[in-house]
Amino acid sequence: QVHVIESGGGLVQAGGSLRLSCQASGRTFSSSTMGWFRQAPGKERELVASIFWDASSTYYADSLRGRFTLSRDNAKNTVYLQMNSLKPEDTAVYYCAVRPPGALEYLYWGQGTQVTVSS
């Protein structure tokens, strides 16, 4: 079983920054693709960013590219989502998820961390 724990959410003013952290247990972390998703009230969950096991490739949603940066530290089983120039529309619950090698979907999810951006 893989446990996923997010941290770093909170309340920030528009234009501010937050860094989310996600730590996952298990031996497969260093070979897994990691993703951050978010879900705002009344909206569907969307993929924010993802990173390959070796950080050789990262993906960002078009609307976020340039403001968000995803990185990982396999020695610490942790991924980091640096969020800059935050906007009120970034307000959502942010979820971290693990896609193990060979899996087609993200199989393990955290409980989520709330990010609220005030105008």
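Note that the structure is predicted; figures quoted are calculated from it, not measured.
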Legend entry - Smallest separation among heavy atoms of Ser21 and Thr78, with atom names: CB-CG2, 4.4 Å

Legend entry - Heavy-atom closest contact (Asn74 atom, Ser30 atom, distance): ND2-O, 3.6 Å

Inset, instruction - Taking all heavy atoms of Leu86 and all of Arg67, pick out the closest pair and write down the distance. - result: CA-NH1, 3.8 Å

Legend entry - Heavy-atom closest pair, residues Thr33 and Ser50: CG2-CB, 4.4 Å

Legend entry - From CZ (Arg99) to CE (Met34), nearest 0.5 Å: 11.0 Å

Inset, instruction - Flag the pair Val98 / Leu107 as yes when at least one side-chain heavy-atom distance between them is below 4.5 Å, and no otherwise. - result: no

Inset, instruction - Would you tell me whether Glu89 and Thr91 have side-chain atoms, one donor and one acceptor, within less than 3.5 Å of each other? - result: no

Legend entry - Pairs satisfying disulfide bond (SG atoms under 2.5 Å apart), at least one member in residues 36-108, at least two apart: Cys22-Cys96

Inset, instruction - State, to 0.1 Å, how close Gly8 and Leu18 come at their nearest heavy-atom pair, and which atoms those are. - result: O-CD2, 3.8 Å

Legend entry - Approximate separation, where rounding is to 0.5 Å, of Ile51 CD1 and Leu70 CG: 4.5 Å

Inset, instruction - Before giving the answer on side-chain contact (heavy atoms from CB on, under 4.5 Å), spell out for Leu20 and Val115 the whole-Å C-alpha distance, their side-chain angles and the decisive distance to 0.1 Å. - result: CA-CA 9 Å; Leu20 305 183; Val115 171; 4.0 Å; yes

Legend entry - Polar contact flag, side-chain donor to acceptor under 3.5 angstrom, Asn84-Ser17: yes

Inset, instruction - Return each pair, listed once, that meets ring pair (Phe, Tyr, Trp, His ring centres under 6.0 Å) where at least one residue sits in residues 3-39; pairs must be two or more places apart or across chains. - result: Phe37-Tyr106, Phe37-Trp109

Inset, instruction - Decide yes or no for Met83 and Arg19: does some side-chain heavy atom of the first lie under 4.5 Å from some side-chain heavy atom of the second? - result: no

Legend entry - hydrophobic_cluster_shared for Leu47 and Tyr95, side chain cutoff 4.5 Å: yes

Inset, instruction - Working to the nearest 0.5 Å, report the span between CG of Asn77 and CD1 of Ile5. - result: 11.5 Å

Inset, instruction - Could you give me the CA-CA distance, side-chain angles and deciding distance for Tyr80 and Asp73, then say whether side-chain contact (heavy atoms from CB on, under 4.5 Å) is met? - result: CA-CA 8 Å; Tyr80 305 97; Asp73 184 341; 4.1 Å; yes

Legend entry - Heavy-atom side-chain contact between Tyr94 and Val48 under 4.5 Å: yes

Inset, instruction - Is it possible for you to say whether Trp53 and Tyr108 belong to one hydrophobic cluster, with membership spreading through side-chain heavy-atom contacts below 4.5 Å? - result: no

Legend entry - Beyond-backbone contact of Pro101 with Ser32, side-chain heavy atoms, under 4.5 angstrom: yes

Legend entry - With Ser71 via side-chain hydrogen bond (donor to acceptor under 3.5 Å, both in side chains) - residues at least two apart: none

Legend entry - Short side-chain to backbone donor-acceptor contact, Thr113 and Gly9, under 3.5 Å: yes

Inset, instruction - Carefully, step by step, assess Asp90 and Arg38 under the rule salt bridge (Lys or Arg N to Asp or Glu O under 4.0 Å). - result: CA-CA 9 Å; Asp90 294 319; Arg38 69 183 183 184; 2.9 Å; yes

Inset, instruction - Could you tell me which non-hydrogen atom of Glu6 sits nearest to which non-hydrogen atom of Gly112, and how far apart they are? - result: OE1-N, 2.9 Å

Inset, instruction - First locate atom CG of Leu81, then atom CZ of Phe68, and finally report the distance between them rounded to the nearest 0.5 Å. - result: 6.0 Å

